[in-house]
Amino acid sequence: MLLTLTTTHRPATDLGHLLVKHPDRVQSFDLPAGTAHVLYPEADEARCTAALLVEVDPLKLGGGRGRRQATTPDSFTLGQYVNDRPYAASSLLSSALAKVFRSALRGESRDRPELAATAIPLEVRVPVLRCRGGAELAVRVFAPLGWTVTATPIPLDEAYPEWGDSRYVDLTLTGTLRLADALNHLYVLLPVLDDAKHYWVAPDEVDKLFRAGAGWLADHPERGLITRRYLAHRRALAGEALARLAELRLADEPSADDSVETEQPAEAPRASLAVRRREAVLAALRDSGASRVLDLGCGGGALLTALVADRRFTEVVGTDVSSQALALAARRLRLDRLPERQRDRIRLWQSALTYRDDRLRGYDAAVLMEVVEHLPPRLPALEDAVFGHARPGTVVVTTPNVEYNVRYEGLGAGRFRHADHRFEWTRAEFAAWVERVAAAHGYTATIGGIGDDDAELGCPTQLAVLTRTDTDIRKEETTR
């Protein structure tokens with residue numbers, strides 16, 4: 001079975017650094033069911049393609065002495081030896097991805113750490129993928145993650161078109177994503193589309209799913225189907241996983257079940273607004289040059305997960321007034337299982353944004369993502385605590401644009417996007433608040449939007465980046 005991964009990022013040969021596989025060499029790796037090979041059919045400054053070729057040994061695949069095997073799609077006696085497993089992408093290819101590209105899956109790169117945290121143009125091709133549900137299902141699971149999907153059904157026999165299509169598709173994905181995100185999407189979704197696993201699904205598969213699905217699975221419109229198929233339709237495991245996903249969604253208010261923000265205007269499938277919001281906040285933080293970051297009102301930790309995945313952020317602090325939310329964030333981050341060096345980068349503190357907290361002083365940047373609309377009449381206290389006392393170098397603020405609400409079906413006049421919102425600002429109201437706070441506390445501000453820009457109503461989410469003036473920072477350093 002074959003998978004190719006192509007980039008046109010310049011220099012394109014940096015792909016070798018991200019995958020930790022040299023473009024001038026063919027490398028081979030032993031697998032429980034065969035051998036994986038990594039090679040580069042093309043590698044130059046403009047375009048680079050890495051190919052993962054997995055050769056399956058049917059005898060190894062069908063052996064499994066002393067361990068329970070998952071059933072193959074074929075039920076006849078020799079099905080474990082005579083099947084499509086050596087040719088069609090499946091959980092075998094996912095296992096090979098996990099072994100061969102382990103550090104790339106984690107988003108780590110010793111030689112190119114900044115590039116590993118950056119979205120780059122990618123094209124993935126899987127020429128033969130068993131897709132139970134057809135090409136349309138491939139679009140449903142990959143398109144919400146930001147991919148442009150081409151899934152071409154493969155005919156049973158080209159010489160006899162009247163026989164119709166087979167159960168296989170030729171899949172091509174194109175998009176601009178972090179390499180780690182792309183590999184994790186493939187790791188989870190290839191066996192989901194195949195709807196069969198070559199090994200017994202044990203309880204630890206739930207943790208594997210949450211590791212690979214961090215930051216995207218909870219918001220995916222097909223999360224139920226993905227979870228059940230990934231866990232081989234084992235009801236107890238799927239029930240546990242879906243309950244954990246529900247907890248995460250409830251903790252992350254922008255993507256909670258009673259929020260209309262997941263209802264996208266119905267043109268083409270796209271990443272959810274919650275995902276696009278996190279990406280925009282991360283981009284603003286990277287542009288600011290921050291390394292020590294506060295996530296104020298962190299909820300269940302969706303943004304914290306993304307911050308921790310980017311090694312440029314050397315210290316990440318999440319605060320919330322709710323101890324339950326912090327417990328969910330700790331679970332989402334898997335703090336009890338992280339290596340010590342990774343765990344030392346993370347802090348979770350219970351703190352109210354309407355009170356001054358000396359622990360929050362001295363940080364490079366702070367994020368208020370979908371927070372301010374929950375706080376009236378205590379918004380002046382937040383302004384004083386964050387901009388007047390903590391005084392981070394950069395503050396990134398997002399909040400809904402109430403003008404855009406008419407684009408959401410079922411959202412009547414006077415209704416907000418979430419039951420706990422106390423207000424939602426128009427663009428003019430948000431701009432006036434940002435300008436007043438910036439002038440009062442020595443910041444400059446830029447204002448933008450997140451999501452599709454409606455010519456009449458603007459973007460669904462408003463974004464402001466407030467930066468302390470150099471003069472103000474120098475004055476404070478001199479005082480210290």
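Annotation for Ala284 and Val396: closest pair CB-CG2, 4.1 Å, computed over non-hydrogen atoms. When all heavy atoms are compared, the tightest approach of Asp195 to His233 is OD1-NE2, 2.9 Å. Of all non-hydrogen atoms in Arg332 and Ala218, the two that sit nearest each other are NH2-CB, 4.4 Å. Between Leu52 and Ala96 the shortest heavy-atom distance is CD2-CB, 4.2 Å. Across Gly146 and Leu177, no two heavy atoms sit closer than the pair O-CD1, 4.5 Å. Of all the heavy atoms in Ala116 and Ser109, the pair that sits closest is CB-CB, 3.9 Å.
Looking at Lys197 and Glu205, a side-chain N of the basic residue comes within less than 4.0 Å of a carboxylate O on the acidic one, giving a salt bridge. Using a cutoff of 4.0 Å between basic side-chain nitrogens and carboxylate oxygens, Asp336 and Arg331 are not scored as salt-bridged. Salt-bridge formation is detected for the pair Glu370/Arg277: a Lys NZ or Arg NE/NH1/NH2 atom is positioned less than 4.0 Å from an Asp or Glu carboxylate oxygen. Of the charged side-chain nitrogens involved, none lies within less than 4.0 Å of a carboxylate oxygen, so that Arg132 and Asp194 do not count as a salt-bridged pair. In summary, Arg276 and Asp452 engage in a salt bridge, as defined by a charged side-chain N under 4.0 Å from a carboxylate O.
Counting only heavy atoms from C-beta outward, the side chains of Val128 and Asp170 never approach each other to under 4.5 Å. At least one side-chain heavy atom of Leu333 sits less than 4.5 Å from a side-chain heavy atom of Val308. Residues Phe142 and Thr148 fail the side-chain proximity criterion, which asks for heavy atoms closer than 4.5 Å. Considering only heavy atoms from C-beta on, Thr6 comes within 4.5 Å of Arg47 through its side chain. Taking 4.5 Å as the limit, every side-chain heavy atom of Val201 sits out of range of all side-chain heavy atoms of Tyr230. Looking at heavy atoms from C-beta onward, Leu3 lies in side-chain contact with Val124 at the 4.5 angstrom threshold. A 4.5 Å side-chain heavy-atom check between Val434 and Val397 finds every atom pair outside the cut-off. Taking the side chain as every heavy atom from C-beta outward, Val38 and Phe101 approach each other to under 4.5 Å.
Without hydrogens or angle criteria, Thr35 side chain to Leu31 main chain gives no donor-acceptor distance under 3.5 Å. Panel note: side chain Lys99, backbone Asp30; a donor-acceptor pair is recorded below 3.5 Å. Although no hydrogens or angles enter the test, the distance criterion places no donor-acceptor pair under 3.5 Å between the side chain of Arg130 and the main chain of Arg167. Side-chain atoms of Asn184 come within 3.5 Å of backbone atoms of Leu105 as a donor-acceptor pair (strictly under, hydrogens ignored). A donor-acceptor contact shorter than 3.5 Å is absent between the side chain of Thr4 and the backbone of Ala51. In this structure a side-chain-to-backbone donor-acceptor pair under 3.5 Å is present from Asn401 to Leu457. No donor-acceptor pair closer than 3.5 Å links the side chain of Asp310 to the backbone N or O of Phe313. Judged by distance alone, the side chain of Thr467 and the main-chain N or O of Thr394 form no donor-acceptor pair under 3.5 Å. Arg286 places a side-chain N or O within donor-acceptor distance of the main-chain N or O of Ala117, the cut-off being under 3.5 Å. Of the possible polar contacts, none joining the Arg468 side chain to the Gly442 backbone as a donor-acceptor pair under 3.5 Å is found.
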Working for side-chain hydrogen bond (donor to acceptor under 3.5 Å, both in side chains), residues His37 and Glu55: CA-CA 8 Å; His37 308 280; Glu55 292 184 298; 2.7 Å; yes
Worked verdict on Glu456 versus Arg407 for side chain to side chain contact (heavy atoms under 4.5 Å, CB included): CA-CA 11 Å; Glu456 178 184 356; Arg407 293 290 186 254; 3.9 Å; yes
Pair Leu296-Val371, side chain to side chain contact (heavy atoms under 4.5 Å, CB included): steps then yes or no: CA-CA 8 Å; Leu296 303 175; Val371 169; 5.9 Å; no
Test side chain to side chain contact (heavy atoms under 4.5 Å, CB included) applied to Tyr40 and Leu19, step by step: CA-CA 12 Å; Tyr40 288 77; Leu19 296 174; 3.9 Å; yes
Intermediate values then yes/no, side chain to side chain contact (heavy atoms under 4.5 Å, CB included), Asp14 and His9: CA-CA 8 Å; Asp14 276 353; His9 163 83; 4.0 Å; yes
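In this structure, CG in Leu237 is found 10.5 Å from CG in Leu209, a value given to the nearest 0.5 Å. With rounding to the nearest 0.5 Å, the separation of CG in Leu129 from CG in Leu93 is 9.0 Å. A distance of 11.0 Å separates CZ of Arg102 from CD of Glu108, quoted to the nearest 0.5 Å. If you take CG on Leu186 and CG on Leu171, they are separated by 8.0 Å, rounding to the nearest 0.5 Å. How far CG of Leu5 is from CG of Leu122: 5.5 Å, rounded to the nearest 0.5 Å. For the atom pair CG (Leu39) and CG (Asp24), the distance works out to 12.5 Å, reported to the nearest 0.5 Å.
A cation-pi contact, defined as under 6.0 Å to the ring centre and within 45° of the axis, is absent between Lys208 and Tyr187.
Ring pair His220/Trp216 is perpendicular by interplanar angle, where above 60° counts as perpendicular and below 30° as parallel. Taking the six-membered ring where the residue is Trp, Trp425 and Phe430 present tilted rings, their angle falling between 30° and 60°.
Under 3.5 Å, the side chains of Thr172 and Thr150 contain no donor-acceptor pair of N or O atoms. Between the side chains of Asp364 and Ser291, a donor-acceptor pair is found at a separation under 3.5 Å. Side-chain atoms of Thr399 and Gln462 form no donor-acceptor pair, as typed in the model, at a separation below 3.5 Å.
When the salt bridge (charged side-chain N to carboxylate O under 4.0 Å, His left out) test is applied to Glu403, the partners found at least two apart in sequence or on another chain are Arg427. With sequence neighbours excluded, the residues forming a salt bridge (charged side-chain N to carboxylate O under 4.0 Å, His left out) with Glu222 are Arg140, listed by chain and number.
For Glu42, the CD atom sits in a packed shell: over 12 heavy atoms of surrounding residues, nucleotides or ligands are nearer than 6.0 Å. In Glu162, the CD atom is crowded: over 12 heavy atoms of neighbouring residues, nucleotides or ligands sit closer than 6.0 Å. With a 6.0 Å radius and a threshold of 12 heavy atoms from other residues, nucleotides or ligands, Arg347 has its CZ atom above the threshold.
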